[in-house]
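Read through the structure below, which is laid out as structure tokens, and then see the notes.
Side chains included, hydrogens not; waters and symmetry mates left out as well; all remaining heavy atoms used. Keep in mind it's a predicted model, so treat the numbers as computed, not measured.
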Amino acid sequence: MARLAQTAGLTDIQREILSTVRDFVDKEILPVATELEHRDEYPQQIVDGLKELGLFGLMIPEEYGGLGESLLTYALCVEEIARGWMSVSGIINTHFIVAYMLKQHGTQEQKDHFLPRMAAGDIRGAFSMSEPALGSDVSAITSKAVKDGDEYVLNGQKMWLTNGGTSSLVAVLVRSDEGHPEGTAPHKSMTTFLIEKEPGFGEVQPGLTIPGKIDKMGYKGVDTTELIMDGLRIPADRVLGGETGRGFYQMMDGVEVGRVNVAARGCGVAQRAFELGVSYAQQRHTFGKPIAQHQAIQFKLAEMATKVEAAHAMMVNAARKKDSGERNDLEAGMAKYLASEYCKEVVEDAFRIHGGYGFSKEYEIERLYREAPMLLIGEGTAEIQKMIIGRRLLEEYRFQG
Ligand SMILES: Cc1cc2nc3c(=O)[nH]c(=O)nc-3n(C[C@H](O)[C@H](O)[C@H](O)COP(=O)(O)OP(=O)(O)OC[C@H]3O[C@@H](n4cnc5c(N)ncnc54)[C@H](O)[C@@H]3O)c2cc1C
């Protein structure tokens with residue numbers, strides 16, 4: 001089943017890592033994913049297995065105990081994991097974004113303090129920009145930090161934190177007007193704070209409450225929460241990078257690599273949907289032959305496979321561009337947009353191929369059908385991707401007349 005979504009030019013190490021992850025997915029994730037998902041149960045055993053494989057430290061530099069691998073290796077692992085169960089890739093995704101932001105923007109003390117334990121999976125990361133009144137429009141953030149001696153006092157409500165309950169480190173973006181004159185652009189007066197906390201729900205430390213899990217249509221197992229800061233005191237040395245006013249750029253940098261990651265998830269879910277569809281089409285008979293022998297169904301399979309290939313190629317291209325040190329916002333935006341739209345379409349076609357059985361919870365495609373829509377929203381909706389793509393195109397193709 002490995003004919004689709006091949007990646008040329010991988011090193012022996014990359015191939016070895018991917019084969020280990022695929023094996024883990026086939027043996028440890030796929031057999032239990034749907035059952036756990038239906039129970040909305042956190043996949044602790046799977047997470048322990050990922051920890052053992054070193055996946056929480058995949059991109060963390062070796063000097064901090066990680067594997068020091070590239071974005072491409074990471075994205076290909078995410079694709080494999082999402083093929084097994086998208087929620088599991090969600091568990092490592094926010095961790096990966098926070099580790100990446102620390103690596104790129106943290107002070108030396110912050111890197112030394114967090115990265116080795118993040119590489120081991122002992123500290124797990126979540127990131128928080130969204131609030132109840134905003135998601136796309138990050139510049140409208142109202143949560144606020146005010147300096148008080150050697151500390152900052154944080155107030156405000158955050159929304160939609162993936163791994164909000166299970167994480168022990170949250171990178172939170174808030175407004176911090178201190179040091180920024182009246183009239184400073186909103187994105188220049190935002191700061192990322194590194195908040196250490198106990199995993200769990202309720203008031204996890206004075207001034208910080210994680211109310212409980214949001215009940216979602218899909219993407220179950222992984223917890224998504226609100227976060228309430230009410231006079232939360234954070235030491236000044238937990239400002240990411242040590243300087244206020246840089247938070248917006250730091251988060252956007254994190255989300256940019258996160259987009260490649262969401263594209264990879266779309267590729268993984270679409271691959272699994274194709275596998276389910278092509279398998280079912282050869283088993284189900286109508287009008288005296290397997291439905292795969294009806295041309296309409298073959299055309300569906302052809303379209304699905306083409307979309308799987310195209311999304312994979314764009315995702316790999318976006319990851320490689322970042323790994324080469326070049327700006328990749330255009331490629332990442334395109335890959336995220338295309339892979340999530342194609343994923344939704346491939347899943348829907350696989351669902352249709354299953355006929356009535358696709359509607360039954362006994363069939364895996366039912367789970368995929370509820371999971372795919374999240375990819376259309378997370379790390380920026382399709383409209384936001386198109387805004388990024390459009391702006392970059394106009395920069396590249398500026399009218400010279
Ligand atoms: C399961 C889940 C997990 C999440 N995890 C996290 C997380 O870990 N951390 C985090 O910070 N956030 C997280 N989010 C939040 C997510 O990033 C936002 O939901 C997303 O950015 C969209 O924001 P919104 O929901 O406020 O929609 P809105 O911004 O209110 O948008 C509503 C609609 O309007 C469209 N729209 C908005 N502005 C424009 C425009 N200028 N032009 C055209 N159309 C526009 C949007 O595309 C969308 O269709 C998560 C969301 C979900 C569902």
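With sequence neighbours excluded, no residue satisfies salt bridge (Lys or Arg N to Asp or Glu O under 4.0 Å) with E379. Contacts of K361 classified as salt bridge (Lys or Arg N to Asp or Glu O under 4.0 Å), with partners at least two apart in sequence or in another chain: E366. Listed by chain and residue number, K213 satisfy the salt bridge (Lys or Arg N to Asp or Glu O under 4.0 Å) test with D40 (two or more places apart in sequence, or in another chain). Listed by chain and residue number, nothing satisfies the salt bridge (Lys or Arg N to Asp or Glu O under 4.0 Å) test with D230 (two or more places apart in sequence, or in another chain). For the side-chain hydrogen bond (donor to acceptor under 3.5 Å, both in side chains) test, no residue two or more places apart in sequence or in another chain qualifies with S340.
By the 30° and 60° cut-offs, the orientation of the rings of H187 relative to Y249 is perpendicular. Note: Y280 and H354 have parallel aromatic rings, judged against thresholds of 30 and 60 degrees for the angle between ring planes.
Checked against F96 for a ring-ring contact (aromatic ring centres under 6.0 Å, His included), the options F56, Y74, F127 give a single hit: Y74.
Ion pairing between K220 and D215 holds under the 4.0 Å rule for side-chain N and carboxylate O. Under a 4.0 Å N-O distance rule, the pair R83/D26 qualifies as a salt bridge.
For the residue pair H95 / S167, no side-chain donor-acceptor distance below 3.5 Å is found, with atom types taken as modelled.
Among residues at least two apart or in separate chains, salt bridge (Lys or Arg N to Asp or Glu O under 4.0 Å) pairs with a member in residues 292-317 are K300-D349, K307-E345.
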